[in-house]
Amino acid sequence: MKSLKPLMIATGAIALTSAASAALVSGDIAIVQFQVSGVGSDSISFATLVDLSPGTVLYFSDNGYTNPTGFRGVTAADNDGNENLMKFTVGAGGLLAGNVVSSKSAAYASNWTLSGTIYTTGSGAYQQLSLSSTGEQVTVFTSTNVQPMLSGFSSLYNFDNTGAYEAATTSSTGELAPGLVQGTSAFLTSTQSALSKFNFAAFSGAADRATWLARFGNTANWTFSASTADTTDGTFLIPTPGAAALLGLAGLAARRRR
């Protein structure tokens, strides 16, 4: 039986490494809190549906998107477009599935880039998003480009409080970026003009990735209030993928040694 524990650890490590190293796809990240007129500035919180490896970079923009031209106002000479861009870099310890991280987080303050030049060529700087309760879109994405919104980006999730998708002709309009689907990798709700805080409220129980995404995409699971409290960090439960299979493999190996 002494060989059983090393087998389980080694096999589990391989599985986690593979999952963390895989390229992120739509629905791996979700926006679950949205705060207008918070303390000092606006904020959002994102949730992780998969383990994120150290050094993973996520971008968040409130620029609307128009197919096929891209994010509103973004050009080779304008790196932040008509609105704003902020960046989150996963730290050395990685970030496990089931975490909620606020852009106003004290614990993750060093992971957020909310100031400084986006790229040496062209104008534009990172900054906290400037949000609206009467018409806003926020897209989270990864990018292989040093000018992240210009090209090479892969969209992960979108938040929209306008009740519809449309070409991005103003700061209050926008379509879904390629690869996103309303209800599973995008949240759409009608404008809540009198309210400032949108907060996902159903962080209870355990569920797999697909179930959590369905919950995040359902307006019935959100609270809407005029609270000015900032968005917060938190956790929720996602069963470890393949846990039963790993145990079965370990048991099979143990039986073969007898």
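Note that this is a predicted model, so its numbers are computed, not measured. For reference, positions follow the sequence shown, starting with 1.
Looking at Val57 and Lys87, their side chains come closer than 4.5 Å, going by heavy atoms from C-beta outward. Put simply, the side chain of Lys104 does not reach to within 4.5 Å of the side chain of Gln35, judged on heavy atoms. Two residues are said to be in side-chain contact when any heavy atoms from C-beta on lie closer than 4.5 Å; Glu83 and Glu136 meet this criterion. In this structure the side chain of Ser41 reaches within 4.5 angstrom of the side chain of Gln128, judged on heavy atoms. By the 4.5 Å heavy-atom criterion applied to side chains, Val100 and Ser45 are counted as neighbours. Within the 4.5 Å cutoff, the side chain of Thr56 has heavy atoms near those of the Leu24 side chain. Side-chain contact between Leu213 and Ser185: absent, with no pair of heavy atoms (C-beta onward) separated by less than 4.5 Å. Side-chain contact between Thr162 and Gln137: present, with at least one pair of heavy atoms (C-beta onward) separated by less than 4.5 Å.
Atom-to-atom distance recorded for Leu131:CG and Ser171:OG is 11.0 Å, nearest 0.5 angstrom. Interatomic distance, CG of Asp42 versus OG of Ser130, reported as 5.5 Å (0.5 Å rounding). The CE atom of Met86 sits 13.5 Å away from the CG atom of Asp80 when rounded to the nearest 0.5 Å. In this structure, CZ in Phe46 is found 10.0 Å from CD1 in Ile31, a value given to the nearest 0.5 Å. With rounding to the nearest 0.5 Å, the separation of CG in Asn111 from OG1 in Thr89 is 7.0 Å. The distance from the CG atom of Asn158 to the CG atom of Leu188 is 8.5 Å, given to the nearest 0.5 Å.
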Phe224 vs Thr189, test: side chain to side chain contact (heavy atoms under 4.5 Å, CB included). Steps then yes/no. CA-CA 11 Å; Phe224 306 93; Thr189 188; 3.9 Å; yes

Stepwise side chain to side chain contact (heavy atoms under 4.5 Å, CB included) check, Leu58 with Thr142: CA-CA 5 Å; Leu58 304 175; Thr142 59; 4.1 Å; yes

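Leu180 and Val140 fall into different hydrophobic clusters, defined by Ile, Leu, Val, Met, Phe, Trp and Tyr side-chain heavy atoms under 4.5 Å apart, directly or through other members. At a threshold of 4.5 Å between side-chain heavy atoms, the hydrophobic network of Ile, Leu, Val, Met, Phe, Trp and Tyr places Leu52 and Tyr157 in one connected group. Under a hydrophobic-cluster definition in which Ile, Leu, Val, Met, Phe, Trp and Tyr are linked whenever side-chain heavy atoms come within less than 4.5 Å, directly or via other members, Leu95 and Trp212 are assigned to the same cluster. Note on Tyr65 and Val138: separate hydrophobic clusters, where clusters join Ile, Leu, Val, Met, Phe, Trp and Tyr whose side-chain heavy atoms are under 4.5 Å apart, directly or indirectly. Phe203 is connected to Phe34 through a chain of hydrophobic side-chain contacts under 4.5 Å among Ile, Leu, Val, Met, Phe, Trp and Tyr, so both are in one cluster.
Between the side chains of Gln147 and Asn79, at least one donor-acceptor pair of N or O atoms lies under 3.5 Å. Judged purely by distance below 3.5 Å, without hydrogens or angles, the side chains of Ser132 and Thr134 pair a donor atom with an acceptor atom. Of the N and O atoms on the side chains of Asn63 and Ser61, at least one donor lies less than 3.5 Å from an acceptor on the other residue. Under 3.5 Å, the side chains of Asn99 and Thr48 contain no donor-acceptor pair of N or O atoms. Ser105 and Asp233 share a side-chain donor-acceptor pair at under 3.5 Å. If you check the side chains of Thr69 and Thr66, you find no donor sitting under 3.5 Å from an acceptor.
With sequence neighbours left out, Tyr59 forms a ring-ring contact (aromatic ring centres under 6.0 Å, His included) with Phe141.
Side-chain atoms of Thr117 do not come within 3.5 Å of backbone N or O of Tyr119 as any donor-acceptor pair. Counting only distance, with no hydrogens or angles, the side chain of Asn221 and the backbone of Arg215 share a donor-acceptor pair below 3.5 Å. Between the Thr191 side chain and the Asn161 main chain, a donor and an acceptor come within less than 3.5 Å of each other. Between the side chain of Thr173 and the backbone N or O of Ala167, at least one donor-acceptor pair lies under 3.5 Å. Side chain of Gln127 to main chain of Ser115: no donor-acceptor pair is present (N/O by atom type, distance under 3.5 Å, no hydrogens or angles). Although no hydrogens or angles enter the test, the distance criterion places no donor-acceptor pair under 3.5 Å between the side chain of Ser103 and the main chain of Ser43. Looking at Ser196, its side chain does come within 3.5 Å of a backbone N or O of Ser227 through a donor-acceptor pair. Remark: side-chain polar atoms of Asp160 are not paired, donor with acceptor, to backbone N or O of Leu176 under 3.5 angstrom.
Residues Gly93 and Pro54 approach most closely at C-CG, 4.4 Å, considering heavy atoms. Considering every non-hydrogen atom in both Leu195 and Ser225, the closest pair reads CB-O, 3.7 Å. Shown here for Asn145 and Ser151, the closest heavy-atom pair between the two residues is ND2-OG, 2.7 Å. Nearest approach of Ile118 to Pro148, heavy atoms of both residues: CG2-CD, 3.8 Å. Across all non-hydrogen atoms, the minimal contact from Thr139 to Ser155 is CG2-OG, 4.2 Å.
The salt bridge (Lys or Arg N to Asp or Glu O under 4.0 Å) pairs that include a residue from residues 197-213 are Asp28-Arg209, where partners are two or more places apart or lie in different chains. Applying the side chain to side chain donor-acceptor pair (under 3.5 Å) test to residues at least two apart or on different chains, the pairs with a partner in residues 198-207 are Gln33-Asn199.
For the ring-ring contact (aromatic ring centres under 6.0 Å, His included) test with Phe198, the passing option among Phe159, Phe216, Trp222, Phe187 is Phe159; the others fail. Shown are Phe60, Tyr126, Trp112; of these, the ring-ring contact (aromatic ring centres under 6.0 Å, His included) with Phe88 is made only by Trp112.
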